[in-house]
J.: 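If you scroll down you'll find the structure; I have some questions about it.
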Amino acid sequence: MIQAVIFDLDGTLLDRDRSLLKFVEEQFERLIRPNGEVDKESYIKRFIALDSRGYVWKDKVYQELIREFGLRMDWNELLEDYKIGFSNHAVSFPNMIELLDSLKEKGYKLAMITNGFGNFQASNIQALQIAHYFDEILISEREGLRKPDPAIFLRAAEKLNVAIEACVYVGDHPVNDITASKATGMRGIWKEDNYYTESFEYDAKVTDLIEIRHLVEQWK
């Protein structure tokens, strides 16, 4: 019997690609354009490539951008602006609130496991206005554990006081989210992302978050 649904954040609830593009466009106009003749399209395209879907932290991204585009700027200033300002551009995937409302109404316990820095991810969660839906939120920096370490999934189930087999995990990353959660005994729902082409095992696949509501009810 399914009792808890646990979510990833970036790429699952938070539309990180769209959020990042919005932020970079705004930061370019405010800070980059006044500091040199830089082609906006080229700069943004390079930023997104260097960012590697969030797996490269922005200190390295900004240092490389300054070098490549010959910017006379302090990368620390740009990094600080990113840390403070990214959450102002955070947007969710469609039907996120509808799904969370439905799951809470049906009595499921909800949790979140996300890799990342504590204050940064907390500000993004706050920007989406969803913190109150979750019984537990585990951010890797604060937990001292990172996905795909099985210990962080086990810790979430323990905090919820729910058996691991009664948990469903929803995420977009084949290894960090789905393979890792299933290895602990959870069911894994893949929030489909066309970026990933390798084959891997999952219990279900969704393209829209609202589909999760019906899957969980079927399994219940």
J.: Any chance you could measure Thr12, atom OG1, to Ile189, atom CD1, to the nearest 0.5 Å?
T.: 11.0 Å
J.: Would you name the heavy atoms of Ala157 and Cys167 that are closest together and state the gap between them?
T.: CB-SG, 4.0 Å
J.: Taking only residues two or more places apart in sequence, or in another chain, which ones meet Phe200 in a ring-ring contact (aromatic ring centres under 6.0 Å, His included)?
T.: Trp190, Tyr202
J.: Should Met112 and Ile125 count as side-chain neighbours, where that means a heavy-atom distance under 4.5 Å?
T.: yes
J.: Using atom types as modelled and distance alone, determine if a side-chain donor or acceptor of Glu77 lies under 3.5 Å from a backbone N or O of Met73.
T.: no
J.: Does Tyr195 form a ring pair (Phe, Tyr, Trp, His ring centres under 6.0 Å) with His173? I'd like the steps, not just the answer.
T.: CA-CA 10 Å; Tyr195 177 81; His173 195 285; 8.9 Å; no
J.: Any salt bridge (Lys or Arg N to Asp or Glu O under 4.0 Å) involving residues 155-167? Give me the pairs, sequence neighbours left out, ordered by first then second residue.
T.: Glu143-Arg155
J.: Kindly compute the distance separating CD1 (Ile130) from CZ (Phe7), expressed to the nearest 0.5 Å.
T.: 9.0 Å
J.: Look at the side chain of Ser19 and the backbone N and O of Val91, then say whether any donor-acceptor pair between them is shorter than 3.5 Å.
T.: yes
J.: Against Leu9, only a single residue in Asn115, Asp172, Leu128, Ile113 fulfils side chain to side chain contact (heavy atoms under 4.5 Å, CB included); can you say which?
T.: Leu128
J.: Determine, step by step, whether Ile32 and Phe69 satisfy the side chain to side chain contact (heavy atoms under 4.5 Å, CB included) criterion, reporting the C-alpha distance in whole Å, the side-chain angles of both residues, the deciding distance to 0.1 Å, and the verdict.
T.: CA-CA 10 Å; Ile32 306 300; Phe69 288 91; over 6 Å; no
J.: How far does CG of Leu13 sit from CG of Asn124, to the nearest 0.5 angstrom?
T.: 11.5 Å
J.: What residues, two or more places apart in sequence or in another chain, satisfy side chain to side chain donor-acceptor pair (under 3.5 Å) together with Lys147?
T.: Asp8, Tyr169, Asp177
J.: Is there a donor-acceptor pair closer than 3.5 Å between any side-chain N or O of Thr184 and the backbone N or O of Ser181?
T.: yes
J.: Apply ring pair (Phe, Tyr, Trp, His ring centres under 6.0 Å) to residues Phe47 and Phe28 and explain how you reach the verdict.
T.: CA-CA 11 Å; Phe47 187 111; Phe28 180 91; over 10 Å; no
J.: Could you see if Trp219 belongs to whatever hydrophobic cluster contains Met186? Use Ile, Leu, Val, Met, Phe, Trp, Tyr and a side-chain cutoff under 4.5 Å.
T.: no
J.: Should Arg16 and Asp51 count as an ion pair when the cut-off is N to O under 4.0 Å?
T.: yes
J.: Kindly indicate whether the side chain of Phe93, heavy atoms from C-beta on, has any atom under 4.5 Å from the side chain of Asp208.
T.: no
J.: Using side chain to side chain donor-acceptor pair (under 3.5 Å) as the criterion, list what pairs up with Asp81, not counting sequence neighbours.
T.: Gln27, Arg30
J.: Report yes or no: is the cationic atom of Lys104 (NZ for Lys, CZ for Arg) closer than 6.0 Å to the six-membered ring centre of Tyr133, at no more than 45° off its axis?
T.: no
J.: Could you walk me through whether Val206 and Lys191 pass the side chain to side chain contact (heavy atoms under 4.5 Å, CB included) check?
T.: CA-CA 5 Å; Val206 299; Lys191 172 70 167 56; 4.2 Å; yes
J.: According to a 4.5 Å side-chain heavy-atom criterion applied to Ile, Leu, Val, Met, Phe, Trp and Tyr, with indirect links allowed, do Val56 and Phe23 form part of one hydrophobic cluster?
T.: yes
J.: Check the side chains of Glu211 and Thr207 for a donor-acceptor pair under 3.5 angstrom, ignoring hydrogens and angles.
T.: yes
J.: Test side chain to side chain contact (heavy atoms under 4.5 Å, CB included) on Arg142 and Ile139; report intermediate values, then the result.
T.: CA-CA 6 Å; Arg142 295 178 177 177; Ile139 302 174; 4.2 Å; yes
J.: Can you see whether Tyr196 has Arg53 sitting over its ring - NZ or CZ less than 6.0 Å from the centre and within 45° of the normal?
T.: yes
J.: Considering non-hydrogen atoms only, spot the tightest contact between Phe153 and Asn176 and give its length.
T.: CZ-O, 3.4 Å
J.: So, Asp203 side chain and Gly188 main chain: donor-acceptor pair closer than 3.5 Å or not?
T.: yes
J.: Side chain of Asn35, backbone of Leu31: donor and acceptor closer than 3.5 Å?
T.: yes
J.: Got Leu100 and Phe134 here, is their nearest side-chain heavy-atom distance under 4.5 Å?
T.: yes
J.: Tell me whether Ile48 shares a hydrophobic cluster with Leu78, the cluster being built from Ile, Leu, Val, Met, Phe, Trp, Tyr side chains joined at under 4.5 Å.
T.: yes
J.: Hey, does Thr114 have a side-chain heavy atom less than 4.5 Å from the side chain of Leu138?
T.: no
J.: Look at the side chain of Gln63 and the backbone N and O of Asp59, then say whether any donor-acceptor pair between them is shorter than 3.5 Å.
T.: yes
J.: Can a side-chain donor-acceptor contact be found between Asn95 and Arg213 if the only test is distance below 3.5 angstrom?
T.: no
J.: Do we see a donor-acceptor contact under 3.5 Å between the side chains of Asp10 and Gln121?
T.: yes
J.: To the closest 0.5 Å, what do you measure between CD (Glu64) and CG (Leu50)?
T.: 6.0 Å
J.: May I ask you to test the Lys106-Glu217 pair for a side-chain heavy-atom distance under 4.5 Å?
T.: yes
J.: Taking atom CD of Glu192 as the centre, report whether more than 12 heavy atoms of other residues, nucleotides or ligands fall under 6.0 Å from it.
T.: yes
J.: Mind checking side chain to side chain donor-acceptor pair (under 3.5 Å) for Lys83 and listing every partner two or more places apart, or none if nothing turns up?
T.: Glu80
J.: Yes or no on side chain to side chain contact (heavy atoms under 4.5 Å, CB included) for Leu160 and Ile6, after CA distance, side-chain angles and deciding distance?
T.: CA-CA 10 Å; Leu160 292 172; Ile6 307 173; 4.2 Å; yes
J.: Measure the spacing between CD1 of Ile97 and OG of Ser92 and express it to the nearest 0.5 Å.
T.: 6.5 Å
J.: Does Tyr43 reach the side chain of Leu71, with side-chain heavy atoms less than 4.5 Å apart?
T.: yes
J.: Tell me, do Tyr108 and Gln3 make a side-chain contact under 4.5 Å, heavy atoms counted?
T.: no
J.: Around atom CG of Asn161, are there more than 12 heavy atoms from other residues, nucleotides or ligands closer than 6.0 Å?
T.: no
J.: Find out if a path of hydrophobic residues (ILVMFWY) with successive side-chain heavy-atom gaps under 4.5 Å connects Leu209 to Val5.
T.: yes
J.: Would you call Lys40 and Glu29 a salt bridge, using N to O less than 4.0 angstrom?
T.: yes
J.: Going by side chain to side chain donor-acceptor pair (under 3.5 Å), name the residues that satisfy it together with Tyr82, two or more places apart in sequence or in a different chain.
T.: none
J.: Flag yes if Ile164 and Ile2 sit in one hydrophobic cluster, no otherwise; membership is Ile, Leu, Val, Met, Phe, Trp, Tyr, and two members link when side-chain heavy atoms are under 4.5 Å apart.
T.: no
J.: Any chance you could measure Trp75, atom CH2, to Ile66, atom CD1, to the nearest 0.5 Å?
T.: 9.0 Å
J.: Counting distance only, does the side-chain N/O of Asp39 pair as donor-acceptor with the main-chain N or O of Ser42 below 3.5 Å?
T.: yes
J.: Given the rule in the ring pair (Phe, Tyr, Trp, His ring centres under 6.0 Å) test, do Phe120 and Trp57 qualify, once you have shown the distances and angles that lead to the verdict?
T.: CA-CA 12 Å; Phe120 182 79; Trp57 186 235; 5.8 Å; yes
